[in-house]
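First the structure, in the form of C-alpha cells, and then the observations on it.
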Amino acid sequence: MRALFLPFTARFATYTIVVAMTAFLLTLDVEGNTQLYVVIPLVVFIGLTVIGLVDLIQARHSVLRNYPLTAHIRFILEEIRPEIRQYFLESEKDGTPFSRDKRAIVYQRAKQALQTRPFGTQNDVYAAGFEWLAHSIAPKPVVKEPFRVVIGGPDCKKPYSASIFNISAMSFGSLSPRAILALNAGAKKDNFAHDTGEGGYSDYHRQNGGDIIWEIGSGYFGSRHRDGTFDPDEFARIAADDQIKMVELKISQGAKPGHGGVLPAAKVSEEISKIRGVPMGEDCISPAKHNAFSTPIEMMQFIGKMRKLSGGKPTGFKMCIGHPWEFLAICKAMLETGIYPDFIVVDGNEGGTGAAPLEFMDHLGMPMREGVSFVHNALIGINARDRIKIGASGKVATAFDMARAMAIGADWCNSARGFMFALGCIQSLSCHTDRCPTGVTTQDPIRNRALYVPHKIDRVYNYHHNTLHALAELLAAAGLEHPRDLRPIHFSQRSSTTEVCTFAKLYPSLRRGELLDGTQDSRFRDAWAMARADTFAPVG
C-alpha cells in the first residue's frame, strides 16, 4: 500500500489527482449524497484508483510502474498500430540490409512470445546491401548443448570457458542498481558473462554471483590512486575475486573512440562517487587516453602486468579500430616483447552509449565487421591468431548478427542494447538525463523502482537462451554444427540488382605469416610499413 504515498512528481500527477478526487467524492458519499452525479464519478474514480495502484505494484511493465494510468496511452497506441509494423522500420545506422526492428525480436525472445510470422520475408531481396546465409540441402540436427569458447593463451594460468554470447560493457552509474542486479543474475542463471564496463566492480555486480569480465578504462575506476593513476595493489586485491573471470583493458569505445567515458553529473550519486573515487556534482570523465603507457611496447607490458597481478586470468583489451598502422604497431609490439593478450574485443563505431557527440557516434572509427576482419587477418599475418580470441560488439542483437560476425573472424559476441531491451528499455533516448522511464539507466530510486528485478532476471535469461537456440537452428539449416564452422563463403551480399558476391570476396583472408613474409595486400602493405613497436605515430 505504500505505493499510494509516492512523492508528488509530474509523472505521478495524474494518479495523484485521481486519488485526491476519489477521496473527495468519498467524503460527499459519506455525507449521504447518493445522487447520480456523485455516484457515477465516484465509481469511475475508484476504478481508476485501483488501476493506478495495480500499475504501481505490478512487475511486468516498467513504464506503468513509473507512469501509472498515463502509460496506458502508449499501450493503446500500440494496439491501434499493428505490431507487425515494428518489424519493418527504416534501416539502422550500421547499414544492416535487414530492415527488421531488432527491438521487436529481442522483446519476443525475452518474453517467450511467438517467434514466427506469416507471409515470408518483407525485405527487398533485390536491393543493394541485402545479405543472407546459405542453407544446406543436408541440414544437421539442431545442437542442444550451449556454445562455448575457451579464452586463454599459453601465458594464461586460468583459462575461462565463456559463452559465445555475453553482456557487453555497461557501467554501474550508466545503468541503475536494479539493472545491474538483473543482468548479473540472468548471466548466472544461464551461465554467461557480464562485463562491468569501466565504472568499477560494484556490490551490485557481486551480489548474484554471475561471471564477471572486469573492464579497466583510462580512469582506472576501482583500481586508482587519488591522482587518477593506476593502483596495482588495489587492482590485485579486487582481481583476486573468484567471480572475476577475465580482465579487459579498455582502449577505446566504438560510439566515442578517442573521447573517453562520460557519466553526466546528474547521475553521479553519492554511492557512485565512493565506488569510482570521484567528486559529486561534476561530470565523471575518463581521460581520452591512458596515463599508464604511451607506446605499443608499454601497452603490451601493461597487459602482461595486469595478467600477472590478476593471478594469471585471461587478460586482453577492447578497442574500436582507427588508424590501421596503430593496431599493426601493437602487433609488432607483441612480436618484439613476446607478450600477447589472451583476447581482443573489437568494438564497432555503430556501438551504443549514453553520452557522446553526434559526430563521434556517426562518423568516427571503423565499423564492427571491417574491424573484426582487419584484426582477424592481422593476427593471422603475424602467426598469432591461434593464441588470441576475438570478441565482437556493435549492434549485435540477433542470431543472424552473431553468425555474420563469427563468419568473418569473431570467436564470440557481446551485446549491450539487446540486453537493455530485455530489461524493458524502450529507447526513450533519455539515458544521459537520469530520467529513464523504465528504470534501466537512472540512479533516481523512485524511477528505478519500476524495474522489478525477479521478473527481469527471467527476461535476461530468456533472451540469451533463445538467441543461442536461434543460432543453433541457423547453423543446422546451413549444414553446420558449431559457430566455429562458419566461414565467409557461407554468406552473400547483393552489391547491385544483378550482382552478388560472397563474404569471401568482401573480406579476403591473409595467409598465415603473410605480414612477416612481406604482404602485397593493399589493405595491409602500406600500414604495416608505417607501423613501429615503439610508437603509435606513423613512420615515413
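- In this model, no donor atom of one side chain and acceptor atom of the other lie less than 3.5 Å apart for Y507 and H376.
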Inset, instruction - Show the numbers, then the answer: is there a side chain to side chain donor-acceptor pair (under 3.5 Å) between R148 and S161? - result: CA-CA 6 Å; R148 304 193 75 80; S161 176; 3.3 Å; yes
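- Using modelled atom types and a 3.5 Å distance limit, the side chains of E271 and Y204 yield a donor-acceptor pair.
- Within a 6.0 Å radius of OH in Y160, more than 12 heavy atoms belonging to other residues, nucleotides or ligands are found.
- Rounded to the nearest 0.5 Å, atoms CG (N184) and NE2 (H194) are 6.0 Å apart.
- At least one cation-pi condition fails for K305 and F302: the charged atom is not both under 6.0 angstrom from the six-membered ring centre and inside a 45 degree cone around its axis.
- You'll find the ring centres of W412 and F192 outside the 6.0 Å limit.
- Atoms CD1 and CH2, from I330 and W325 in turn, are 13.5 Å apart once rounded to the nearest 0.5 Å.
- Between H290 and Y220, the ring center distance clears the sub-6.0 Å criterion.
- A salt bridge is absent between R369 and E350: the closest approach of a Lys/Arg side-chain nitrogen to an acidic carboxylate oxygen does not fall below 4.0 angstrom.
- Side chains of V247 and E215 form no contact here, defined as non-hydrogen atoms less than 4.5 Å apart.
- Listed for the N349 side chain is a donor-acceptor partner under 3.5 Å among the backbone atoms of G365.
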Inset, instruction - Just do the side chain to side chain donor-acceptor pair (under 3.5 Å) check on D195 and S168 with the steps written out, would you? - result: CA-CA 5 Å; D195 193 313; S168 197; 6.0 Å; no
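- Here the side chain of S171 pairs no donor or acceptor atom with the backbone of S174 at under 3.5 angstrom.
- Formation of a donor-acceptor pair under 3.5 Å by the K389 side chain with backbone atoms of V149 is not found in this model.
- Looking only at distances, no side-chain donor or acceptor of S310 sits under 3.5 Å from a matching main-chain atom of A239.
- Here L64 contributes atom CG and D55 contributes atom CG; the two are 4.5 Å apart, rounded to the nearest 0.5 Å.
- E198 has a carboxylate O that lies under 4.0 Å from a charged side-chain N of K250, or vice versa, which qualifies the two as a salt bridge.
- Between the side chain of N208 and the backbone N or O of L181 there is at least one donor-acceptor pair closer than 3.5 Å.
- Counting only distance, with no hydrogens or angles, the side chain of S163 and the backbone of N166 share no donor-acceptor pair below 3.5 Å.
- Both cation-pi conditions hold for R387 and Y340: the charged atom is under 6.0 angstrom from the six-membered ring centre and inside a 45 degree cone around its axis.
- Under a 3.5 Å cut-off, the side chain of S176 and the backbone N or O of G439 do form a donor-acceptor pair.
- Within the 4.5 Å cutoff, the side chain of P437 has heavy atoms near those of the I426 side chain.
- Looking at R224 and E234, no side-chain N of the basic residue comes within less than 4.0 Å of a carboxylate O on the acidic one, giving no salt bridge.
- Between D342 and R307 a salt bridge is recorded (basic side-chain N to carboxylate O distance below 4.0 Å).
- Counting only distance, with no hydrogens or angles, the side chain of E298 and the backbone of S294 share a donor-acceptor pair below 3.5 Å.
- In this structure, a donor-acceptor pair under 3.5 Å is absent between the side chains of D231 and S223.
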Legend entry - Criterion ring pair (Phe, Tyr, Trp, His ring centres under 6.0 Å) on F230 and F293, from CA distance to verdict: CA-CA 10 Å; F230 180 70; F293 56 86; over 10 Å; no
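- Side chains of V372 and M406 form no contact here, defined as non-hydrogen atoms less than 4.5 Å apart.
- Side chains of D444 and T442: no donor on one and acceptor on the other come within 3.5 Å.
- The line from CD1 of I216 to CD1 of I251 is 11.5 Å long, rounded to the nearest 0.5 Å.
- A distance of 12.0 Å separates CG in L309 from CD1 in I238, rounded to the nearest 0.5 Å.
- Remark: the backbone N or O of Q443 is paired with a side-chain donor or acceptor of D434 at under 3.5 angstrom.
- By the 4.5 Å heavy-atom criterion applied to side chains, F343 and E248 are counted as neighbours.
- Judged purely by atom type and a 3.5 angstrom limit, H464 has no side-chain atom pairing as donor or acceptor with the backbone of Y461.
- Salt-bridge check for D458 with K189: passed, with a basic side-chain N closer than 4.0 Å to an acidic carboxylate O.
- With no hydrogens or angles considered, a side-chain donor-acceptor pair links N466 and Q112 at under 3.5 Å.
- A cation-pi contact links R206 to Y201, judged by a cut-off of 6.0 Å to the six-membered ring centre and 45° from its axis.
- Atoms CG and NE2, on N462 and H465 in that order, are 8.5 Å from each other to the nearest 0.5 Å.
- Considering only heavy atoms from C-beta on, M334 comes within 4.5 Å of M300 through its side chain.
- Between F221 and F172, the distance separating the two ring centers is not shorter than 6.0 angstrom.
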